[in-house]
Amino acid sequence: RLKVKQFSDNIYFSFDYEIDEPYDLYFGIYIIITISSIYQRIMMNKGYFVRGGIAHGLNLVDDHLIFSEALIKAVEIEKKATYPRITLHKETVALFTDTINNPFREITSDLLIEDWAKHVFLNPFFNVEEQVKRQNRQITDSDFKKLMKKIAKNIIDLKAEEHSNLFNDTTFRATAHEYIKDNLRNNKLKNQEILEKYIWLENLLNWVEKKRSN
């Protein structure tokens, strides 16, 4: 029930859920959050800091067209995201995080951040791969790396031996720090709008690492 489309510089994940079955919707949101997080981490490891939106609603996808209320909502919040982050639509947040009988709420709680403006977005520095392995203990490290390689083979050139830091928070965050510093340096006297995005990202990473931040 998971569908993937790529057009221009956009990638679009959707999950078909049963409209009368709330647990199915919770599961669908969980799947999209997890896949988006893995994709975000893969791209960040390559130096690409992506932005996006997650929403739920009417969605029709086939080989020729996308007709989607959910996509319209996702695009709207992506435009308002400002910084390199994947933001959840407020209706999806209310449905997913405020429902006490949602069994997927607790296992994604560390992955979601709410900022001062009440925007809820995915923590790009959270090791969702390790969380997935904990939730599915039958998956070994080698099997998981094969799975990651299969997921990404049509998106970017992902080789497990070159991307071992995807599975190690210390090396992954050190790599992210280097990319962020490079972008801060390259845009210092050029583009104020881009510079602000990387200042925000640097402060977010410091906050995640429990260092001093703004």
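For the side chain to side chain contact (heavy atoms under 4.5 Å, CB included) test, residues two or more places apart in sequence or in another chain that qualify with L184 are I180, L195, Y198, I199, E202. Taking K211 as the reference, E209 meet the salt bridge (Lys or Arg N to Asp or Glu O under 4.0 Å) condition, with sequence neighbours excluded. Listed by chain and residue number, K3 satisfy the salt bridge (Lys or Arg N to Asp or Glu O under 4.0 Å) test with D16 (two or more places apart in sequence, or in another chain). Qualifying side-chain hydrogen bond (donor to acceptor under 3.5 Å, both in side chains) partners for D24, counting only residues two or more places apart in sequence or in other chains: R1. Residues that satisfy the salt bridge (Lys or Arg N to Asp or Glu O under 4.0 Å) test with R105, not counting sequence neighbours, are absent from this structure. With sequence neighbours excluded, the residues forming a side-chain hydrogen bond (donor to acceptor under 3.5 Å, both in side chains) with E91 are K73, listed by chain and number. The side-chain hydrogen bond (donor to acceptor under 3.5 Å, both in side chains) search around E21 returns none, not counting sequence neighbours. Annotation: salt bridge (Lys or Arg N to Asp or Glu O under 4.0 Å) contacts of K90 (sequence neighbours excluded): none. Evaluation of the side-chain hydrogen bond (donor to acceptor under 3.5 Å, both in side chains) rule for T87 yields no partner, not counting sequence neighbours. The side chain to side chain contact (heavy atoms under 4.5 Å, CB included) test applied to V93 returns L88, T97, V120, not counting sequence neighbours.
Minimum interatomic distance between A74 and G53 (heavy atoms only, all atoms of both residues): CB-O, 3.5 Å. For W207 against S213, the heavy-atom pair with the smallest separation is CB-OG, 3.7 Å. A pairwise comparison of heavy atoms in P124 and M44 identifies CB-CE, 3.4 Å as the closest pair. Contact record, F49 with A176: CZ-O, 4.4 Å, taken as the closest heavy-atom pair. The two residues S36 and I86 have their closest heavy-atom pair at O-CD1, 4.0 Å.
Listed by chain and number, the hydrophobic cluster partners of L65 are L58, L60, F67, where partners are ILVMFWY side chains within reach of under 4.5 Å, directly or through others.
Annotation: ring-ring contact (aromatic ring centres under 6.0 Å, His included) contacts involving residues 69-118, sequence neighbours excluded, comprise F27-F104, Y30-F104, Y83-W200.
With N214 as the partner, the side-chain contact (heavy atoms from CB on, under 4.5 Å) test is satisfied by one option alone out of N203, L204, N206: N203.
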Report the C-alpha separation of D9 and R51 in whole Å, then their side-chain angles, then the decisive distance to 0.1 Å, and conclude whether the salt bridge (charged side-chain N to carboxylate O under 4.0 Å, His left out) test is met. CA-CA 11 Å; D9 62 344; R51 198 172 68 186; over 6 Å; no

